[in-house]
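Below: the structure, in structure tokens.
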Amino acid sequence: MTLESRFAGTWYPGTRREIQAMTNAWEEKFSRDKAAPEGCPNILILPHAGWAYSGSIAWQAVRRIRGAKFTRVVVLAPSHRAWIENRLVAPEGDAFTTPLGEIKVDRDWIDRLALRAPVARSDKVHLAEHAAQIEFPLLQVALADGFTVAPLVMGSFGADQMAMCARALARLMDDRTLLVISSDFTHYGTDFSYAPYGTEGGEDVRRRVAQVDAEAVSFIVKRDAEAFAASVSQTGATICGRIPIELALRALPEKASIAQIAYATSGDQDHDFTRFVCYMAGAGRAEWAGEANAVLDAASRQFLLRLARESMECAVTGRKLPRERLAEAPAATRAKMGAFVTLNDAATGALRGCIGEILPMRPLVDAVAARAVDSALHDPRFSPVTERELKGLRVEVSALTPPKPVASWRDIVLGRDGMTLEKNGAFAVFLPQVAPEQGWDLPTTLSYLSRKAGLPADAWREGTMFTTFQAEVFHE
């Protein structure tokens, strides 16, 4: 399904010619800007008001990426019309269209994110939300064809879920990906419930509001998420994209840099400062580590997925897995590792089977082949998979690091760690993706883990031993 922009012709021009004329005028105006930072940024902070108000501000940052070879753009945007809690909301559709053409949604990247962070999917949310869509035609002008988009709309977060999403984002960013943070800055006026400097307007009000924004921007430049959040809370600054900004700051690697490129307000045109909105454009660069530390390359992952499916299908249909299949295993899959194989209904996402082994007792390839059969036929929670069901199942493999004991449940990091709980002979395990899939915080996760072990929900609070492990998770 392709989602057609509802904002063309209103929030930004409705035809290709008008878009090109407006961006060409901006480019001519700012082409002599000597303050442009050297090098191509891979982080942009862009306003999202109508182009008549904030477009020229956004362009001063966007023009820095003209002709860049990004293959993917991740857009972090606030929700203005839907209540969203502890979730990133991605589109269900396959593409967006603007007067400049179609942009494919990077569903594979979103699927990988959903294995590490709480992700919901809603075309309804995205069709109604301007904060992501307003950036699309700007990106199309700057990057031309050849990029996909992964727009993520968000509301409020608990601390655990915010940290989980930041870690997931950091892990999936790479040098081919542009990160766009969509945010306007302070909204001033009684109808924004923010008018601490009175309602008479005037240049002094603008100056004082700009100082509030400048404090927030100073912490963005320092990449200090805690100080940024504290500043917004203390000043009451009505920065609508404060959550996307905080999330991005928490995801940034240590040596990232961000600079302010431009700042203006909607009141600068008519000098009416009784009610106005502020806009900041920024640009920066980060050297993302991405999944460089992964043990398994793409070929090894694909081999294991094919092996898991073939092992399952052979077992269900009463055939034997050809012996030469294991002999074809890539070298990386022969290392001893724990593994889980998870089967989900491809249409609904419902669990259909999941069995594994935590300890590295045998080569990963052998563990995956065996546990694929067990997940299909021997999970005591489900009846055996039937031949008729095979095509409707999605296979997921989790390759595990060895478990390590932790001193306290407080040492468990959601979104990164799988965990085991042991108490009075009772035992239970959760894979790292369980909490992100459910959107749980740590106490909620541990309560469900306790119940899975057959213990009271609060049994994890004392007298319990925990281990943690990490996983490379991949699916069909």
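Source: prediction; values computed, not measured. Numbering starts at 1 and runs along the sequence shown.
Listed here is the closest heavy atom pair of Ser182 and Ala131: OG-O, 2.6 Å. Between Thr420 and Leu449 the shortest heavy-atom distance is C-CD2, 4.4 Å. Pairing each heavy atom of Ile43 with each of Leu178, the nearest pair is N-CD1, 4.0 Å. Closest approach of Lys423 to Gly463, counting heavy atoms only: CG-O, 3.5 Å. For the pair Ala308 and Val395, the tightest heavy-atom approach, listed with the atom from each and the gap, is CB-CG1, 3.7 Å. The shortest heavy-atom contact between Phe469 and Pro432 is CE1-CD, 4.0 Å.
For the pair Ser447 (side chain) and Pro443 (backbone), a donor-acceptor distance under 3.5 Å is present. Checking side-chain atoms of Ser408 against main-chain N and O of Asp411 turns up no donor-acceptor pair under 3.5 Å. The closest donor-acceptor contact from the side chain of Ser450 to the backbone of Tyr448 lies at 3.5 Å or more, if one exists at all. No donor-acceptor pair closer than 3.5 Å links the side chain of Ser231 to the backbone N or O of Phe228. Remark: the backbone N or O of Gly158 is not paired with any side-chain donor or acceptor of Asp441 at under 3.5 angstrom. Put simply, the side chain of Ser54 gets close to the backbone of Ala49: a donor and an acceptor are under 3.5 Å apart. A distance-only check finds no donor-acceptor pair linking the side chain of Arg334 to the backbone of Leu364 [under 3.5 Å]. Side-chain atoms of Gln161 come within 3.5 Å of backbone atoms of Gly439 as a donor-acceptor pair (strictly under, hydrogens ignored). Checking side-chain atoms of Thr148 against main-chain N and O of Thr71 turns up a donor-acceptor pair under 3.5 Å. A donor-acceptor contact shorter than 3.5 Å links the side chain of Arg81 to the backbone of Ala128.
A salt bridge links Arg107 with Asp94: the distance from a Lys NZ or Arg NE/NH1/NH2 to an Asp or Glu carboxylate oxygen falls below 4.0 Å. Salt bridge status for Arg72 with Asp106: present, with a side-chain N to carboxylate O gap under 4.0 Å. Between Asp108 and Arg112 there is a salt bridge, since a side-chain N of the basic residue sits under 4.0 Å from a carboxylate O of the acidic one. Taking the charged nitrogens against the carboxylate oxygens, Glu389 and Lys391 have no contact shorter than 4.0 Å, which rules out a salt bridge. Salt-bridge formation is detected for the pair Arg121/Asp111: a Lys NZ or Arg NE/NH1/NH2 atom is positioned less than 4.0 Å from an Asp or Glu carboxylate oxygen. A salt bridge links Asp374 to Arg371: one of the charged nitrogens lies within less than 4.0 Å of a carboxylate oxygen.
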For Glu129 and His80, what are the C-alpha separation, side-chain angles and deciding distance, and is it a side-chain hydrogen bond (donor to acceptor under 3.5 Å, both in side chains)? CA-CA 7 Å; Glu129 183 53 61; His80 291 84; 2.9 Å; yes
Could you go through the salt bridge (charged side-chain N to carboxylate O under 4.0 Å, His left out) check for Glu310 and Arg306 one step at a time? CA-CA 6 Å; Glu310 191 170 0; Arg306 290 194 301 269; over 6 Å; no
Please determine whether side-chain contact (heavy atoms from CB on, under 4.5 Å) holds for the pair Val341 and Glu396, giving the CA-CA distance in whole Å, both sets of side-chain angles, and the decisive distance to 0.1 Å. CA-CA 6 Å; Val341 175; Glu396 177 181 293; over 6 Å; no
Evaluate Leu305 against Phe474 for side-chain contact (heavy atoms from CB on, under 4.5 Å), listing each step before the verdict. CA-CA 8 Å; Leu305 288 170; Phe474 43 99; 3.8 Å; yes
Decide yes or no on side-chain contact (heavy atoms from CB on, under 4.5 Å) for Thr238 and Phe185, but give the supporting numbers first. CA-CA 7 Å; Thr238 46; Phe185 273 68; over 6 Å; no
Could you check Val406 against Thr467 for side-chain contact (heavy atoms from CB on, under 4.5 Å), going step by step and ending with a plain yes or no? CA-CA 6 Å; Val406 292; Thr467 68; over 6 Å; no
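Between Leu3 and Pro91, some side-chain heavy-atom pair lies under the 4.5 Å cut-off. Within the 4.5 Å cutoff, no side-chain heavy atoms of Asn344 are placed close to those of Arg352. Taking 4.5 Å as the limit, some side-chain heavy atom of Val105 sits within range of a side-chain heavy atom of Ile110. Ile412 places a side-chain heavy atom less than 4.5 Å from the side chain of Leu446. Inter-residue side-chain proximity for Ile358 and Val429 is flagged as met; some heavy-atom pair is nearer than 4.5 Å. In this structure the side chain of Asp175 never reaches within 4.5 angstrom of the side chain of Asn42, judged on heavy atoms. A 4.5 Å side-chain heavy-atom check between Thr186 and Tyr279 finds every atom pair outside the cut-off. A 4.5 Å side-chain heavy-atom check between His187 and Cys240 finds at least one atom pair inside the cut-off.
Within a 6.0 Å sphere centred on CD of Gln211, heavy atoms belonging to other residues, nucleotides or ligands number more than 12. Residue-environment remark: CZ (Arg362) exceeds the threshold of 12 foreign heavy atoms within 6.0 Å. Atom CZ of Arg388 is surrounded by 12 or fewer heavy atoms from other residues, nucleotides or ligands within 6.0 Å. In Glu254, the CD atom is not crowded: 12 or fewer heavy atoms of neighbouring residues, nucleotides or ligands sit closer than 6.0 Å. Around atom CZ of Phe382, more than 12 heavy atoms belonging to other residues, nucleotides or ligands sit under 6.0 Å away.
Using cut-offs of 30° and 60° on the angle between ring planes, the pair Trp440 and Phe430 is tilted.
Using modelled atom types, one finds no donor on one side chain facing an acceptor on the other under 3.5 Å when comparing Glu387 with Thr317. No side-chain donor-acceptor contact under 3.5 Å links Thr235 and Glu215.
Contacts of Trp409 classified as ring pair (Phe, Tyr, Trp, His ring centres under 6.0 Å), with partners at least two apart in sequence or in another chain: Trp460.
The distance from atom CD of Glu476 to atom CZ of Arg394, rounded to the nearest 0.5 Å, is 8.5 Å. Of the inter-residue distances, the one linking Lys69 atom NZ with Phe147 atom CZ reads 13.0 Å to the nearest 0.5 angstrom. Taking NZ of Lys336 as the reference point, atom CG of Leu359 lies at 11.5 Å (rounded to 0.5 Å). The CE atom of Met154 sits 4.5 Å away from the CG atom of Leu76 when rounded to the nearest 0.5 Å. To the nearest 0.5 Å, the span separating OG1 on Thr177 from CZ on Phe70 amounts to 8.5 Å. The CG atom of Leu44 lies 9.5 Å from the CZ atom of Arg64; values are rounded to the nearest 0.5 Å.
In this structure, Phe96 has its ring center under 6.0 Å from that of Phe136.
With Val180 as the fixed residue, the side-chain contact (heavy atoms from CB on, under 4.5 Å) test singles out one of Ile65, Val75, Val149: Val75.
Sorted by first and then second residue, the pairs that involve residues 242-252 and meet salt bridge (Lys or Arg N to Asp or Glu O under 4.0 Å), not counting sequence neighbours, are Glu226-Arg250, Glu246-Arg250.
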